[in-house]
Number of protein chains: 2
Amino acid sequence: MEQILPHLDSVFSIDCVLFGFDGKELKILLIERNEEPFKDWWALPGNIVGPDESLDQSAARILYELTGLRGIYMEQYYAFGDPNRHPQGRVITLAYYALIRLGGDKELRPISTYAKRANWLPITDLPKLAFDHQKIYDKGLEKIKRRIKHQPIAFELLPEKFTLTQLQHVYELVLGKKLDKRNFRKKIVSFGVLKELDEKQKGVSYRAATLYRFDKRKYAKLFGKEISF
Amino acid sequence: MEQILPHLDSVFSIDCVLFGFDGKELKILLIERNEEPFKDWWALPGNIVGPDESLDQSAARILYELTGLRGIYMEQYYAFGDPNRHPQGRVITLAYYALIRLGGDKELRPISTYAKRANWLPITDLPKLAFDHQKIYDKGLEKIKRRIKHQPIAFELLPEKFTLTQLQHVYELVLGKKLDKRNFRKKIVSFGVLKELDEKQKGVSYRAATLYRFDKRKYAKLFGKEISF
DNA sequence: TTACTTAGTGTAAAAAATACACACTATATT
DNA sequence: AATATAGTGTGTATTTTTTACACTAAGTAA
């Protein structure tokens, strides 16, 4: 019902749950707030949707402003609108998640002033979060758990070239359980979305593993058939 | 980012895709608009979120106001926020779906004045819809297609007592394909969420089928294990 | 009683998922 | 040069799940 457009005191925002993987741990990006309410608390990065932005554009902008990153696979997953979720008024927020490979070269750009600092914190040891952000995070984790079983989002967490062991490691962290090495390899290879490279891992003090690359073209063909891990 | 609460000219609404099943066809509830823009067009029923409502409450209220129905399984599934989706201003809308058993006793209550009339129209033959409502509907259908494979939402479309053939019929309509009768029955019974009744179908001019009831208690136990059709 | 219409049932074959253990290889250490 | 170390990489047998497929049983209507 949209023919009446009253002037309402409500605000619409986007909050992002950025999952990052540094090769070892799964982390999320949090900011330490510099203003009331919840001054000094950790919170999810978020911002208000601009008047001329689509939702996806807005989410992309917010991610960019906070991290300097572009071109990240990102998706909305739930709207949170409890009337009391924000102590200062009605704020409906749409949650997005993104998956990011951390480490090495790419550092987080300095971010806007509403935060003291931003940090990647391991999901195994999160602080108390501002607002209802714990709930938003919980639902986000749940979401990617489901999604990783059917869509190739795991590759977003890995460098372009990766070993099968690293890939399995990501699955184990997200799903929160051990997987059988032989079965995992059999299955993931059988989907035919991996390209085996002639290259080997470098700098390890044991047998070097073969490197693989995710083959987007093959995946595009496969779409429709859902894959499942 | 929520510490600043500017006064914005944006409106937040909810639109509902109500899927109804009358025993034969899958239908959705549409209203014929009585006001500009899109006067005389068919549109999804929707409304603006009230200042003191949670999103789910708001959706429930809207459904109630438009149909008189309560206690319906209903879930948000996507937010649409293209800046140009509404010709008169910025309207971000959150889409919900609901599944409803049609027919017999329960009639739609007269609804508010912004619509000339409301009608259940078969999804196989929909008119052009106002705004981006075709997109909203498409995404909703996609959503329940996925969901019906894993969660027992099909039962919401059926009367309390139903036959296995009716249940299969619902699956076929939603999924848009034929299913094998024996395999379907084998599978659905194996989940153990159906209770076979001592009763038979009445008023048919052929062999009467056994009636079943969905057993919510058994389903609750089973939750966690996803079921799949 | 017969014709009609839908209900209800089983099995074999193929495909997918699971469980499981050891030899290989590159490097570091002595 | 020999050895220890740590992770790589592979195959098979078993179980479970999925698929394909066709006839008899029961009730109603004429």
Side-chain angles (χ1 to χ4, degrees), chain A residues 21-25 145-146 148-150 158-159 161-173 175-213 222 224-229, chain B residues 23-24 145-146 148-150 154 158-159 161-173 175-213 222 224-229:
Chain A
F21 180 64
D22 61 4
K24 293 202 169 162
E25 282 179 304
K145 272 192 191 180
R146 280 172 188 270
I148 202 173
K149 291 184 189 171
H150 305 293
L158 289 168
K161 299 171 183 181
F162 52 84
T163 70
L164 295 184
T165 302
Q166 288 167 344
L167 182 58
Q168 183 177 345
H169 193 189
V170 168
Y171 271 88
E172 290 178 341
L173 282 174
L175 298 177
K177 66 178 182 190
K178 283 264 168 214
L179 301 173
D180 178 85
K181 181 160 65 161
R182 277 171 296 188
N183 294 337
F184 178 79
R185 286 168 176 243
K186 204 189 310 173
K187 185 153 207 173
I188 201 102
V189 167
S190 79
F191 286 121
V193 296
L194 293 183
K195 186 173 182 185
E196 185 174 349
L197 303 178
D198 285 337
E199 251 170 298
K200 300 265 168 183
Q201 205 177 17
K202 295 245 152 117
V204 288
S205 66
Y206 45 81
R207 177 179 178 181
T210 303
L211 290 170
Y212 287 78
R213 167 180 295 163
L222 192 113
K225 305 175 201 170
E226 289 205 338
I227 64 182
S228 110
F229 294 95
Chain B
K24 294 203 167 161
K145 271 192 192 180
R146 280 172 188 269
I148 202 173
K149 291 184 189 169
H150 304 295
L158 289 167
K161 299 170 183 180
F162 51 85
T163 70
L164 295 184
T165 301
Q166 288 167 346
L167 182 57
Q168 182 177 347
H169 193 190
V170 168
Y171 272 89
E172 291 179 337
L173 282 173
L175 298 177
K177 65 177 181 191
K178 284 263 167 214
L179 301 173
D180 178 85
K181 180 161 67 159
R182 278 173 294 192
N183 293 338
F184 178 80
R185 289 158 104 99
K186 204 190 310 173
K187 187 152 209 175
I188 200 101
V189 167
S190 80
F191 287 122
V193 297
L194 292 183
K195 188 173 181 185
E196 185 174 349
L197 303 177
D198 285 338
E199 251 170 296
K200 300 263 169 185
Q201 203 177 18
K202 294 247 151 113
V204 287
S205 67
Y206 44 80
R207 176 177 179 183
T210 303
L211 291 170
Y212 287 78
R213 167 180 295 162
L222 192 114
K225 305 175 201 168
E226 287 203 341
I227 65 184
S228 112
F229 295 94

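Chain letters run A, B, ... following the sequence lines, proteins first, then strands; residues in each count from 1.
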Measure [atom1]/[X] against [atom2]/[N] and give the value in whole Å, please.
{"X": "B/L211", "N": "C/dT6", "atom1": "CG", "atom2": "P", "result": "17 Å"}
{"X": "B/R185", "N": "D/dA22", "atom1": "CZ", "atom2": "P", "result": "18 Å"}
{"X": "A/L167", "N": "D/dT8", "atom1": "CG", "atom2": "P", "result": "12 Å"}
{"X": "A/K181", "N": "C/dA21", "atom1": "NZ", "atom2": "P", "result": "14 Å"}
{"X": "A/F184", "N": "D/dG9", "atom1": "CZ", "atom2": "P", "result": "13 Å"}
{"X": "A/K187", "N": "D/dT17", "atom1": "NZ", "atom2": "C1'", "result": "12 Å"}
{"X": "A/L164", "N": "D/dG9", "atom1": "CG", "atom2": "C1'", "result": "9 Å"}
{"X": "A/F191", "N": "C/dA15", "atom1": "CZ", "atom2": "P", "result": "16 Å"}

Q: Determine yes or no for a side-chain-to-main-chain donor-acceptor pair under 3.5 angstrom, with A/Q166 supplying the side chain and A/L158 the backbone.
A: no
Q.
Quick check against the 3.5 Å criterion: does A/Q201 have a side-chain atom that pairs as donor or acceptor with the backbone of A/T210?
A. no
Q) Between B/T165 and C/dA7, is there a side-chain N or O to OP1/OP2 distance below 4.0 Å? A) yes
(Q) When you measure from the side-chain N and O atoms of B/S205 to the phosphate of D/dG27, is any distance below 4.0 Å, counting only OP1 and OP2? (A) no
Q. More 5' along DNA chain C: B/Y206 or B/N183, using each one's nearest nucleotide?
A. B/Y206
Q: Select one nucleotide: of D/dT8, D/dC21, C/dA17, the one nearest the side-chain heavy atoms of B/D180.
A: D/dC21
Q: Give the nucleotide from the list C/dA21, C/dG8, C/dT25 with an atom nearest to the side chain of A/R182.
A: C/dA21
**Q.** Distance, nearest 0.5 Å, that separates CG of A/L167 from CZ of A/F184
**A.** 4.0 Å
Q) A/T163 and A/Y212: side chain to side chain contact (heavy atoms under 4.5 Å, CB included), yes or no, with the steps? A) CA-CA 6 Å; A/T163 70; A/Y212 287 78; 5.8 Å; no
Q. What's the verdict on side chain to side chain contact (heavy atoms under 4.5 Å, CB included) for B/L179 and B/R185, showing C-alpha distance, side-chain angles and the deciding distance?
A. CA-CA 10 Å; B/L179 301 173; B/R185 289 158 104 99; over 6 Å; no
Q: For DNA chain C, find the residues of residues 195-204 of chain B with a heavy-atom distance under 4.0 Å and give them by number; none if there aren't any.
A: none
**Q.** Pair A/K161 + A/E199: basic N to acidic O under 4.0 Å
**A.** yes
Q: Test for a donor-acceptor pair under 3.5 Å between the base of D/dT12 and the side chain of A/K186, counting only N and O atoms.
A: yes
Q.
Tell me whether the side-chain N or O atoms of B/R207 pair up with the base of C/dA7 as donor and acceptor below 3.5 Å, since no angle test is needed here.
A. yes
Q: Using a heavy-atom cut-off of under 4.0 Å over every strand shown, decide if B/T163 touches base, sugar-phosphate, or nothing.
A: nothing
Q. Which atoms form the tightest heavy-atom contact between B/L173 and B/K24, and what is the distance?
A. CD1-O, 3.4 Å
